[in-house]
There are 2 protein chains.
Amino acid sequence: MLSAVRAAFWDKGYAGTSLDDLLTATGLGKGSLYGAFGDKQSLFLRVLREYDEANDRMLRGWLERADRGIDVIRDFVTGSLLDPSGEQARRGCLLANTAMELSASAAEVAAEARRSYAATTAVLAEAVRRAQREGDVASRLDPDVTARAVLAGQLGLVVLGRIGQDPAALSAMAEALLAGLLPSS
Amino acid sequence: MLSAVRAAFWDKGYAGTSLDDLLTATGLGKGSLYGAFGDKQSLFLRVLREYDEANDRMLRGWLERADRGIDVIRDFVTGSLLDPSGEQARRGCLLANTAMELSASAAEVAAEARRSYAATTAVLAEAVRRAQREGDVASRLDPDVTARAVLAGQLGLVVLGRIGQDPAALSAMAEALLAGLLPSS
DNA sequence: GGTGTTATGGACCAATCAGTCAATAACTGG
DNA sequence: CCAGTTATTGACTGATTGGTCCATAACACC
């Protein structure tokens with residue numbers, strides 16, 4: 001139910017998704033949707049927060065189950081690039097897409113983005129520390145700063161993926177970012 | 001005249017800018033604006049293309065006048081972060097902002113973004129080559145791949161700047177990106 | 001099976017959207 | 001000074017927006 005709403009906002013953006021789009025996506029009537037979720041903005045914020053939480057849980061799960069810390073970072077950066085058709089890269093990231101659209105006008109969205117990226121940075125920094133203990137990443141690096149730089153690089157890939165940059169170029173960029181930001185010595 | 005339109009689209013996004021906003025910004029009447037620039041989409045594309053061309057000219061000018069190639073790359077990455085209030089960072093980049101909003105629905109915008117980023121990459125790659133000749137950047141790096149990685153990192157900083165990440169953290173990220181992607185040896 | 005409660009749908013609303021057009025004002029060259 | 005052209009304006013349109021509301025349908029409980 002909410003996943004249909006999420007897909008609509010994801011592909012069309014917030015302003016670009018009309019109430020009619022949401023009704024079609026959910027199959028609900030107008031009154032039902034308002035009774036269940038409130039107005040458009042409330043529904044959007046709810047979907048966005050659940051998306052962020054799901055991503056955070058996923059990343060933490062990766063870190064728990066991964067053989068090595070560096071694998072988590074690698075998967076984080078290359079994750080959306082694996083689809084050879086580039087379709088997944090074109091969708092971008094619901095949070096990044098809508099944060100760019102709305103941060104200037106909706107303070108709650110900007111705050112949610114900061115909160116979510118802080119959580120992501122914390123997990124990435126933990127992965128960097130683990131990778132350092134495991135000898136895969138130079139110990140001279142500051143884990144927090146490195147984690148933030150990795151996040152910035154990944155976000156740049158999201159932007160370039162969304163505009164339809166070809167997957168091969170995106171993968172080459174990802175490799176260059178990983179090699180540069182996570183030197184083994 | 002067009003710069004007022006650019007400011008409106010920049011801050012509010014495409015869908016978020018109404019015709020009334022444009023009339024207020026320009027001081028024109030409705031018919032005048034239509035007579036001069038056509039419909040909203042044409043006006044937007046014109047403003048976007050001029051913005052891209054101005055950025056391209058500016059970057060090429062930097063490269064011509066810079067003492068060292070690496071200075072150009074450094075300025076490119078840290079350029080919008082210098083404003084200590086973070087206000088400039090919050091505005092983001094007209095191209096990045098609107099490309100994220102519209103790439104999925106307006107193929108022309110996505111194509112314009114690809115074109116513009118390809119031009120930027122070409123100048124950055126030239127700067128990398130020059131920095132390699134000048135001994136500031138390791139010659140083992142592939143200039144094209146490095147340029148693309150720098151672009152991705154800068155775009156990530158734009159995203160994080162737009163959501164209101166604090167300027168100190170942005171600067172730290174920029175330094176980490178530059179240090180990692182442009183090693184001197 | 002009847003009754004009180006909740007969920008549903010779609011008619012309806014005011015506001016706003018992008019875009020048109022004809023009347024008018026401001027220029028232009030002669 | 002005037003005729004012809006161009007530029008400007010704001011009222012107007014039809015479509016669409018987000019949101020309300022009430023009649024009705026489905027349901028649960030006794």
Side-chain angles (χ1 to χ4, degrees), chain A residues 1-51 94-95 97-113, chain B residues 1-51 94-95 97-113:
Chain A
M1 172 100 280
L2 286 176
S3 75
V5 174
R6 180 182 44 203
F9 281 130
W10 199 336
D11 291 330
K12 303 185 182 184
Y14 177 77
T17 302
S18 69
L19 275 186
D20 264 331
D21 291 332
L22 296 174
L23 298 184
T24 303
T26 59
L28 266 63
K30 234 168 198 182
S32 309
L33 186 133
Y34 268 79
F37 304 111
D39 63 8
K40 186 186 176 186
Q41 184 178 330
S42 304
L43 175 55
F44 170 72
L45 279 173
R46 172 163 173 183
V47 164
L48 181 63
R49 292 199 174 109
E50 289 188 6
Y51 173 86
L94 173 62
L95 176 61
N97 295 358
T98 57
M100 287 289 270
E101 178 188 352
L102 301 173
S103 280
S105 53
E108 294 160 291
V109 174
E112 168 64 19
Chain B
M1 172 101 281
L2 286 176
S3 74
V5 174
R6 181 186 352 138
F9 281 130
W10 197 335
D11 291 330
K12 303 184 183 187
Y14 178 77
T17 302
S18 69
L19 275 186
D20 265 330
D21 291 331
L22 296 174
L23 299 184
T24 303
T26 59
L28 267 63
K30 235 168 197 180
S32 307
L33 188 133
Y34 269 79
F37 304 111
D39 63 9
K40 188 186 176 185
Q41 183 178 331
S42 304
L43 175 54
F44 170 73
L45 279 172
R46 172 163 171 182
V47 164
L48 181 63
R49 292 199 174 109
E50 289 188 7
Y51 173 86
L94 173 63
L95 176 60
N97 295 358
T98 57
M100 286 290 270
E101 177 189 351
L102 300 173
S103 280
S105 53
E108 293 161 292
V109 174
E112 169 64 19

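This structure is a prediction, so every number in the text was calculated from the model and none was measured. Just the heavy atoms: all of them, side chains too, but no hydrogens, waters or symmetry mates, feed the values below.
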Answer yes or no: is there a side-chain heavy-atom contact under 4.5 Å between [X] and [Y]?
X	Y	result
A:L94	A:V47	yes
B:D11	B:N97	no
B:M1	B:F37	yes

Look at the side chain of B:K40 and the backbone N and O of B:S18, then say whether any donor-acceptor pair between them is shorter than 3.5 Å.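 Looks like no, no N/O pair under 3.5 Å.
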Once each nucleotide of nucleotides 4-20 of chain C is scored for protein heavy atoms under 4.0 Å, what B/S/- sequence comes out, 5' to 3'? ----BBBB-----SBBB
Just the rounded figure in Å: distance from C1' of D:dT17 to CG of A:L33. 15 Å
Flag for A:T24-A:D21: side-chain donor and acceptor within less than 3.5 Å: no
